[in-house]
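Okay, so here's the structure we're looking at.
Treat the numbers as computed from the prediction; the structure is a model and nothing was measured.
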2 protein chains.
Amino acid sequence: MAQSNPPFMSGVPELLLLRLLNEQEMYGYELVRSIRKVTDEAISLGEGVIYPVLHSLERNGSLKSKRKAVSGRTRVYYKLTRKGRDRLEKLRNDWSRIQGGVASALESGANA
Amino acid sequence: MAQSNPPFMSGVPELLLLRLLNEQEMYGYELVRSIRKVTDEAISLGEGVIYPVLHSLERNGSLKSKRKAVSGRTRVYYKLTRKGRDRLEKLRNDWSRIQGGVASALESGANA
DNA sequence: CGACAATACCTCGAACTAAAAGGTATTTCA
DNA sequence: TGAAATACCTTTTAGTTCGAGGTATTGTCG
């Protein structure tokens, strides 16, 4: 019945989002620019990635949102829930694990 | 016309394979176990991942294969071509870039 | 004032990866 | 003899991410 686990490398956008929102509440458009900035331009996620992840995170209870009107424009601010903090912790560990695995694979042996 | 770049986090299986085959030629079944080992069990890729990647790598000229019969069983040994070494270098850089980006995102700010 | 860039939200479709499960055949070993 | 290990492979499914588009408002510059 071929039920698949999520690809082992995935969840980095989610991790970054949660990481930033754990520090302070932000809105989608802001997060797009923020991610580029805090990753030193190494990672650039478009709105087509950010918004869907934000919505799915809210649906599963990791985020709570609050609309705010700022000078005519509507912003949707997100903040972490308890569940979101747990999720962040889990993703952080997953990442550190695979990061370590790759590092160890790349370092081992003689690097000619 | 929505032509997508590969997902920015992908290519790790490929990276690991190339890394190992750069050190010495190996066959598919061997690589499955080897990856588990050199990543300290952090990453475990099944045959359903390994073989297709191997084939696609060979198709695009990054690998060359050679069948060898060992005590009745047929093994297909792979080794890197010049193009494969270039590809390895590229993937290594990509990885280091995004790895650094994530690290910098996770470290920044006050970790309460 | 008129136009264009920037802000801010959103969704849909395509592309791609990787996962799992299954399939074949041989050999080793209890 | 019969199960487990070796060794190859493919197909189906699931999941993520990507790009491109679409709406509406505000700010800016000529």
Side-chain angles (χ1 to χ4, degrees), chain A residues 1-18 25-36 39 43-60 63 65-78 91 94-95 98 101-102, chain B residues 1-17 25-36 39 42-60 63 65-78 91 94-95 98 101-102:
Chain A
M1 228 156 269
Q3 78 103 36
S4 252
N5 285 331
F8 74 103
M9 285 293 303
S10 67
V12 169
E14 199 185 330
L15 171 58
L16 296 177
L17 250 45
L18 290 171
E25 30 187 293
M26 295 193 196
Y27 55 99
Y29 194 78
E30 188 183 9
L31 284 161
V32 171
R33 289 168 309 186
S34 194
I35 284 183
R36 213 168 354 224
T39 62
I43 299 174
S44 180
L45 301 174
E47 300 173 48
V49 174
I50 297 302
Y51 288 115
V53 174
L54 245 20
H55 297 157
S56 111
L57 246 16
E58 183 171 26
R59 245 181 289 124
N60 80 13
L63 295 179
S65 74
K66 176 173 52 175
R67 352 189 96 247
K68 216 181 275 187
V70 178
S71 70
R73 287 198 193 83
T74 304
R75 293 174 179 173
V76 185
Y77 281 88
Y78 293 90
L91 288 181
D94 288 354
W95 169 257
I98 80 112
V102 174
Chain B
M1 233 149 272
Q3 80 101 37
S4 253
N5 285 331
F8 74 102
M9 284 294 303
S10 65
V12 170
E14 199 185 330
L15 170 59
L16 296 177
L17 286 182
E25 31 186 293
M26 295 194 196
Y27 55 99
Y29 194 78
E30 188 183 10
L31 283 160
V32 171
R33 289 167 310 186
S34 194
I35 285 185
R36 214 168 355 226
T39 62
I43 298 174
S44 180
L45 301 174
E47 300 172 49
V49 174
I50 296 303
Y51 288 115
V53 174
L54 246 18
H55 298 156
S56 110
L57 246 17
E58 183 171 25
R59 244 179 290 125
N60 79 13
L63 294 180
S65 74
K66 175 176 49 175
R67 353 189 95 247
K68 216 181 276 186
V70 179
S71 68
R73 285 197 193 85
T74 303
R75 293 176 178 172
V76 185
Y77 281 87
Y78 293 90
L91 287 181
D94 288 355
W95 170 257
I98 81 111
V102 173

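- The distance from atom OH of Tyr51(B) to atom P of dT11(D) is 16 Å, rounded to the nearest whole Å.
- By the 4.5 Å heavy-atom criterion applied to side chains, Ile50(A) and Ile35(A) are counted as neighbours.
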Next item on the list: For the pair Phe8(B) and Val12(A), evaluate side chain to side chain contact (heavy atoms under 4.5 Å, CB included) and give the outcome as yes or no after the intermediate values.
Entry: CA-CA 10 Å; Phe8(B) 74 102; Val12(A) 169; 4.1 Å; yes

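- In this structure, Val53(B) reaches neither bases nor backbone, as no heavy-atom distance under 4.0 Å exists between it and the strands shown.
- Per the geometry, CD belonging to Glu47(B) stands 8 Å off P belonging to dC8(D), to the nearest Å.
- Following rounding to the nearest Å, Leu57(B) (CG) and dC9(D) (P) show an atom-to-atom distance of 14 Å.
- Comparing Tyr77(B) and Phe8(B), the nucleotide of DNA chain D nearest to each residue sits closer to the 5' end for Tyr77(B).
- In this model, the phosphate group of dC9(C) is not approached by any side-chain N or O of His55(A) to a distance below 4.0 Å at OP1 or OP2.
- Leu18(A) has its side chain within reach of Leu63(A): a pair of non-hydrogen atoms, C-beta onward, lies under 4.5 Å apart.
- dA8(C) atom P lies 13 Å from atom NZ of Lys68(A), rounded to whole Å.
- Under 4.0 angstrom from either OP1 or OP2 of dA7(D) there lies at least one side-chain N or O belonging to Arg75(B).
- Counting only heavy atoms from C-beta outward, the side chains of Leu31(A) and Leu54(A) approach each other to under 4.5 Å.
- Residue order along DNA chain D, read from the 5' end via each residue's closest nucleotide, puts Gly48(B) first among Gly72(A) and Gly48(B).
- The phosphate of dC9(C) has neither OP1 nor OP2 within less than 4.0 Å of any side-chain N or O from Tyr29(A).
- Rounded to whole angstrom, the span from the CD1 atom of Ile50(B) across to the C1' atom of dT17(C) amounts to 13 Å.
- In this entry the distance linking CD1 of Ile35(A) with P of dT17(D) reads 11 Å, nearest Å.
- Each of Gly28(A) and Ser71(B) was matched to the nucleotide of DNA chain C holding its nearest heavy atom; the match closer to the 5' end belongs to Gly28(A).
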Checklist line | CA sep, side-chain torsions, deciding dist, call: Glu25(B), Lys66(B), side chain to side chain contact (heavy atoms under 4.5 Å, CB included) | finding: CA-CA 10 Å; Glu25(B) 31 186 293; Lys66(B) 175 176 49 175; 3.2 Å; yes

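- In this structure, Arg67(B) does not reach the dA7(D) phosphate: none of its side-chain N or O atoms is under 4.0 Å from OP1 or OP2.
- Considering only side-chain N and O atoms, Arg73(A) lies nowhere under 4.0 angstrom from the phosphate OP1 or OP2 of dA6(C).
- The interatomic distance linking Glu14(B) (CD) with dT17(C) (P) rounds to 8 Å, in whole Å.
- Distance OH (Tyr27(A)) to C1' (dA6(C)): 11 Å, rounded to an integer number of Å.
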